[in-house]
Amino acid sequence: MKSDISGFPEFLPNEQIAFNSVMDAIRHHFELYGFVPMDTPAVERIETLLAKGNDSEIYGLYRLADENSKKSLGLRFDLTVPFARYVASHHGNMIFPHKRYQIAPVWRGERPQFGRYRQFYQCDVDIIGEEELSLEHDAEIVKLITETLRDLNIPEFSTKINNRKLLTGFLKHIIVGEKAEERIIECMRLIDKMEKMSVDEFWSDISLLKVSEKDSTKLKSFLDVDKRGKNDEILKMLKPLNFNEEFNAGVSELANVLDLLKKFDIEDRYVRISTKLARGLSYYTGIVFETVFDDVKDIGSIAGGGRYDDLTSKISADNKFVGVGASIGISRLVPKLIERGLLNCDKSATAQLLVTVQNRNFIGSYMKLSGKFRKLGIKTETYLQNKSLGAQIGYASRKGIKYVLIANDVELLDNKAIIRNLETKEQHVIRTKYMGKEVVSLLR
RNA sequence: GCGGGUGUAGCUCAGUUGGUCAGAGCGCCAGAUUGUGGCUCUGGAAGUCGUCGGUUCAACUCCGAUCACUCGCCCCA
């Protein structure tokens, strides 16, 4: 993968074909579950984009420099905010629960680095309900993401799962008093990135938040809970803690989703509780999860998502929509798969067959012949440059086109042609007048 | 926004204290190979040494600025 402008990657043809094959596989899974496609413009009104968060320059927003327009527009930095805007404006014509997917680029003006781009693709699935949405949907999303990834040829992965209520409930229990809300958010952020910090660093930062010694002890044991390993054991420890109602609701939702996942045939090894998981400070309100490779540590998460009970209130106040969704980061995933040799990248062609042209006076006949193959559903390219047969076959070989058709004028007039398999060097003479299944099976 | 690294052929890079130093491998093109690719051999094309300025008899080499890319931090999936 190359990048001519920093952070804006582009692929060579073989990589693009591989990238698209992953994208198609993901799309296929999404549609298998009945999700419908959706697209929105690359730009949104600035006020819509800013509705996501507190920060005035969220994600290094790209603003459109259009002096003639009074509208103030910017490039989307994720697919959820545009979706919220979409629901707010079209809900009258939508059917709920609404299940949609969207595979599209987003833009962020951050400094790029490895596995982090300024333009990258997200594959989002979301389920939106009016007023309420049962917990089964949360489990279904996790199941869908797990199965989608499982069916790709990727390294071992697992999904960390948590519930925001559990985390905030606990933090509300230990952090009270002045500026409690800010300190809770700061504490949640520290916990979220705890694994990146040293132990000393973490606790010295925590002490800045005026957590009492007694509560620090509680925090410590709380953080240790998910070291237990087995989800059942972790839940068994969490249940009696009974810090407050919010916490209890979180534990109960978490337990329910895990129970549903069992019923939905998602094996335990794919999902494990991580009470530290917060997933940034965004709109999540319930279940949160993110998927990482077990052994590949140098890229962040490859998928993630969660439940948000308040999708549209910042955009339109009249109706309440709740949702649960997830996103797969293929712009991170695919280069890693290519680097690891897990993604077949040796084809620079979509064609299965190259029709070579030896006698250029018969170009019309060659083109008609190509047309016959195309009608049979075989992707066929006709070689149109004036080059030797050897050069034409070399062209097919380098592009990864498996078959070539070879015919001179005599053969054309006799309705014959040679099909050569470039991998096995096998050649077959075929009759070109009436071609059917036997030719199709020959080209498999 | 902050800090480090790097800019020489299409790609990956070498280039000594400033003076035969415009180089290699890969790739590309042609031929050996007159209907049949990969392998091998032979030949060939290709670079304003990122850009601008300075020092010097002399700059790819030293200095300054600038631009670009890249890695990390902040932030974030």
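So that the names make sense, note that chain A is the first sequence line, chain B the second, and so on, each numbered from 1.
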Self-check item: Candidate pair D124(A) and R100(A), rule salt bridge (charged side-chain N to carboxylate O under 4.0 Å, His left out), full reasoning
Solution: CA-CA 8 Å; D124(A) 269 37; R100(A) 75 93 218 233; 3.7 Å; yes

Exercise. Name the nucleic acid region contacted by A407(A), choosing base, sugar-phosphate or nothing; use a 4.0 angstrom heavy-atom cut-off, strictly under.
Key: base

Quiz prompt | Rounded interatomic separation in angstrom, taking CG from L389(A) and P from rU34(B) | solution = 11 Å

Quiz item: Is there a donor-acceptor pair under 3.5 Å between the side chain of T40(A) and the backbone N or O of P82(A)?
Solution: no

Practice problem: Report the distance from atom NZ of K276(A) to atom P of rA77(B), rounded to the nearest whole Å. | Solution: 19 Å

Quiz item: Going by modelled atom types, is there a donor-acceptor pair between the base of rG1(B) and the side chain of E110(A) at under 3.5 Å?
Solution: no

Quiz item: Quick one: is rC71(B) close enough that its OP1 or OP2 comes under 4.0 Å of any side-chain N or O from Q113(A)?
Solution: no

Quiz prompt | R189(A) and E186(A) ion-paired at < 4.0 Å | solution = yes

Exercise. Look at R111(A) and rC71(B) and indicate whether a side-chain polar atom (N or O) is within less than 4.0 Å of OP1 or OP2.
Key: no

Quiz item: Does Y284(A) have R307(A) sitting over its ring (NZ/CZ under 6.0 Å from centre, angle to axis within 45°)?
Solution: no

Quiz prompt | Distance, C1' atom - from rU61(B) to rG54(B), rounded to whole angstrom | solution = 15 Å

Quiz item: For R398(A) and rC28(B), is the shortest distance between a side-chain N/O and OP1 or OP2 below 4.0 Å?
Solution: yes

Quiz item: 5'-most contact on RNA chain B: R118(A) or G394(A), nearest heavy atom basis?
Solution: G394(A)

Quiz item: Rounding to the closest angstrom, what is the interatomic distance between rC28(B) and rC69(B) at atom P?
Solution: 29 Å

Quiz item: Is the phosphate of rU36(B), meaning OP1 or OP2, less than 4.0 Å from a side-chain N or O of Q392(A)?
Solution: no

Quiz prompt | Contact list for RNA chain B against residues 414-427 of chain A - heavy-atom distance below 4.0 Å | solution = I418(A), R420(A), L422(A), K425(A), Q427(A)

Self-check item: Nucleotide of rG35(B), rA77(B), rU36(B) approaching Q358(A) most closely (side-chain heavy atoms)
Solution: rG35(B)

Quiz prompt | Distance, P atom - from rA22(B) to rC49(B), rounded to whole angstrom | solution = 12 Å

Quiz item: When we call it a touch if two heavy atoms are under 4.0 Å apart, what does G304(A) touch: a base, just sugar-phosphate, or nothing?
Solution: nothing

Practice problem: Pick the P atom in rC62(B) and in rU8(B), then give their distance to the nearest Å. | Solution: 15 Å

Quiz item: Passes ring-ring contact (aromatic ring centres under 6.0 Å, His included), F19(A) versus Y121(A)? Steps please.
Solution: CA-CA 11 Å; F19(A) 181 87; Y121(A) 275 80; 5.5 Å; yes

Quiz item: If we take the C1' atom in both rA77(B) and rC21(B), what is their distance in whole Å?
Solution: 49 Å

Quiz item: Under a 4.0 Å N-O cut-off, is there an ion pair linking E267(A) with R269(A)?
Solution: yes

Quiz item: Distance between the C1' atoms of rC52(B) and rA46(B), in whole angstroms?
Solution: 26 Å

Quiz prompt | Span that lies between the P atom of rU48(B) and that of rU6(B), in whole angstrom | solution = 24 Å

Exercise. Determine the contact category for S6(A): base if any of its heavy atoms lies under 4.0 Å from a base atom, sugar-phosphate if only primed atoms, P, OP1 or OP2 are that close, otherwise nothing.
Key: sugar-phosphate

Practice problem: Test D226(A) against K276(A) for salt bridge (charged side-chain N to carboxylate O under 4.0 Å, His left out), laying out the working first. | Solution: CA-CA 8 Å; D226(A) 55 17; K276(A) 301 183 190 70; 3.0 Å; yes

Quiz item: Are OP1 or OP2 of rG37(B) and a side-chain N or O of K387(A) less than 4.0 angstrom apart?
Solution: no

Quiz prompt | Inter-nucleotide P distance (rC11(B), rG27(B)), Å rounded | solution = 15 Å

Quiz item: What distance separates F157(A) CZ from I145(A) CD1, expressed to the nearest 0.5 Å?
Solution: 10.0 Å

